[in-house]
Structure formats: structure tokens, C-alpha cells
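One-based numbering, in listed order, for ligands and for the atoms of each. Computed from a prediction, not measured in an experiment: that's the story for all the values here.
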Amino acid sequence: MVHQGIIDRAKKEGRKLLTEIEAKELLKQAGISVVDTKLAISKDEALSISQQFGFPVVLKIASSDVVHKSDAGGVKLGLRTARQVGKAYDDIVKAIEKKYPEAKIQGVSVQKMARPGVEVIIGMSKDAQFGPVLMFGLGGILVEILKDVSFRIVPLTKRDAGEMIREIKGYPILEGYRGQEPVDVANLEELILKVSNFVEQHPEVDELDLNPVFAYRDGAVAVDARVVLGEA
Ligand code: ADP
Ligand code: MG
């Protein structure tokens with residue numbers, strides 16, 4: 001299976017962290033909606049992929065040694081011209097080489113700039129007692145500062161998925177707050193169930209983060225994904 005190909009290759013190379021591109025590919029194969037993303041190993045390639053996707057695009061560092069890409073200057077959003085793409089490519093590589101001189105750089109990922117939505121996160125970590133546990137919350141500062149998140153043990157039922165979305169304090173934001181458009185909660189429930197299935201089918205995955213997912217009135221898309229493999 002293609003699935004296993006990505007995981008096997010990482011293991012063979014002694015890597016625990018999949019690149020964002022590998023993580024998105026795996027999740028896409030599991031029916032999880034991710035933003036179109038391709039690896040470029042040169043500036044020219046970054047340009048041609050950008051033209052293929054259509055502007056605006058996003059460029060990010062692709063390295064299995066860099067966990068927090070934007071902290072290190074490894075993410076450039078909203079690039080609208082070939083010039084901006086070229087400059088972003090150079091700036092990203094320079095910033096990473098400076099901050100992480102030891103990092104192995106696979107290239108730069110080029111992706112479509114997703115339209116703005118409500119940022120949510122879906123995560124999985126393993127509890128010593130309960131095994132894999134899914135987490136749901138609103139993205140950005142709401143999660144980082146307020147820790148407004150909910151948890152359920154894998155495998156989740158549809159009812160679990162519905163409850164974990166509705167029990168966060170920020171739920172009114174998803175219903176549409178002060179003129180903001182409401183998001184498609186049924187679609188988020190399905191997404192959470194797909195993640196639960198994915199986790200069940202891949203015991204070798206130790207940690208998973210879709211951070212963020214942009215939720216819309218009609219569907220949702222993950223713009224960043226992180227997968228960490230375990231010892232097994
Ligand atoms: P990090 O490794 O720092 O978490 P991300 O890939 O999450 O990097 O990018 C940082 C932020 O940039 C995201 O939280 C999101 O707000 C925005 N972003 C990332 N990718 C896209 C995209 N394809 N389209 C639109 N916004 C994006
Ligand atoms: Mg992220």
C-alpha cells in the first residue's frame with residue numbers, strides 16, 4: 001500500500017518525524033481533506049508548481065528536522081508573483097540554515113493559499129493508560145493560552161465527535177459569532193471520525209496534529225499536518 005510506503009521509507013531512514021508533505025499525503029489517502037501541496041527542490045521548480053497551482057501560494061521549509069516551521073522563518077504566506085516566490089524560497093532556506101545549521105533540508109513545499117476560515121485543531125497523542133486520545137479545539141491563541149480543548153478516546157463514535165466539538169467553550173464561534181459565518185459542523189464531525197479511523201489503522205503513529213484546519217461554511221481543509229512515528 002502507498003500508505004505504508006511513506007511510513008516505511010521514514011523508518012528506513014531512521015526518521016520519526018514525517019515531513020509535512022509526507023504527512024499530508026498519508027492523510028489524503030485516508031480521505032482527509034488537505035490543501036494541495038508539492039515538494040520543490042529548486043527555485044525554478046517552486047515557480048513552476050506555483051504557476052500550476054495558481055497564485056497566491058504559500059512556501060514552507062520541508063525538513064524532517066524542523067518541527068515549528070514558522071518560528072524559524074520557514075513559512076511565507078500569500079505569495080502573489082513569481083518574484084515573491086523566488087525571494088521567499090531564498091529567504092526560507094537562508095533562515096533555516098542559520099537557525100538550524102545541522103538540519104537536513106528536503107526542499108521547500110509549495111501549497112495553495114487556503115481562503116481564510118475558522119482555525120481549529122485536531123490532535124492525537126497516546127496516553128499510557130487509555131492509548132490513543134483525540135483532541136479538538138479552536139486554533140491559535142484560544143488553544144495556546146486558554147487551553148479550550150476537548151478529548152475522547154479512540155475509536156470515537158459519531159456521538160463522541162459531535163460532543164467533543166460542542167463542549168468546547170468557544171463553540172459559539174463555530175456557530176457563527178457577530179456576523180462571522182457558521183461552519184459546517186457535520187463536516188468537522190466526519191473529519192474527526194476519519195482521523196479516529198486513521199489512528200486505529202496506524203498503530204505505528206505516535207502523535208498527530210492537524211494544526212490548523214480551516215473550517216468553512218462548506219467543508220474544512222487541513223493546511224498543516226505533523227505525524228510522529230513511535231519506536232515500534
Ligand atoms: P508551523 O509549523 O509553524 O505550525 P504552519 O504550516 O501551521 O507552520 O503555518 C503557520 C500558519 O500559517 C498556520 O497556522 C496558518 O494560519 C497559516 N498557513 C499555513 N499554511 C497555509 C495555507 N496553505 N493557506 C493559508 N494559510 C496557511
Ligand atoms: Mg501548524
(message) Please report whether ligand 1 has a polar contact with K112, defined as an N or O pair separated by less than 3.5 Å (distance criterion only).
(response)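 Such a contact does occur with ligand 1.
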
(message) I want to know if ligand 1 touches A114 in the polar sense, i.e. an N/O pair below 3.5 angstrom.
(response)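 Yes - when backbone and side-chain N and O of A114 are compared with those of ligand 1, one distance drops under 3.5 Å.
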
(message) Using the rule given for side-chain contact (heavy atoms from CB on, under 4.5 Å), can you reason through V85 versus F55, listing the C-alpha separation, both sets of side-chain angles and the distance that settles it, and then say yes or no?
(response) CA-CA 10 Å; V85 168; F55 296 103; 3.7 Å; yes

How close do [X] and [Y] get, counting heavy atoms only, and between which atoms?
| X | Y | answer |
| --- | --- | --- |
| G117 | Y216 | CA-CE2, 3.7 Å |
| T19 | S63 | CG2-C, 4.4 Å |
| S33 | A220 | OG-O, 2.9 Å |

Considering only the protein, which heavy-atom contact is closest to [atom], and what is its distance?
| atom | result |
| --- | --- |
| atom 3 (O) of ligand 1 | S70 OG, 2.4 Å |
| atom 20 (N) of ligand 1 | K60 NZ, 3.0 Å |
| atom 18 (N) of ligand 1 | L77 CD2, 3.5 Å |
| atom 26 (N) of ligand 1 | F214 CZ, 3.6 Å |

(message) Determine whether any protein heavy atom is located less than 4.0 Å from atom 13 (C) of ligand 1.
(response)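 Under 4.0 Å from atom 13 (C) of ligand 1, at least one protein heavy atom found.
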
What are the atoms of ligand 1, with element, lying closer than 4.0 Å to any heavy atom of [X]?
| X | result |
| --- | --- |
| E119 | 14 (O), 16 (O) |
| P212 | 7 (O), 13 (C), 14 (O), 15 (C) |
| D224 | 1 (P), 2 (O), 4 (O), 5 (P), 6 (O), 7 (O), 8 (O) |
| N211 | 7 (O) |
| Q111 | 20 (N), 23 (N) |
| V67 | 2 (O) |
| V58 | 22 (C), 23 (N), 24 (N) |

(message) Using a distance threshold of 2.8 Å, state whether an N, O or S atom of S70 lies below it from the Mg ion (ligand 2).
(response) no

(request) Can you spot which of V195, V34, I121 makes a side chain to side chain contact (heavy atoms under 4.5 Å, CB included) with L210? (result)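 Answer after filtering V195, V34, I121: V195.
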
Please determine whether a side-chain nitrogen of the Lys or Arg among [X] and [Y] lies less than 4.0 Å from a carboxylate oxygen of the Asp or Glu.
| X | Y | result |
| --- | --- | --- |
| D206 | K126 | yes |
| R152 | E167 | yes |
| E175 | R166 | no |
| E22 | R15 | yes |

(request) Check all N, O or S atoms of D224 and name the one closest to the Mg ion (ligand 2). (result) OD2

(request) Evaluate the side-chain proximity of K76 to I92: yes if any heavy-atom separation is below 4.5 Å, no if none is. (result)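 Touching, per the 4.5 Å side-chain cut-off.
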
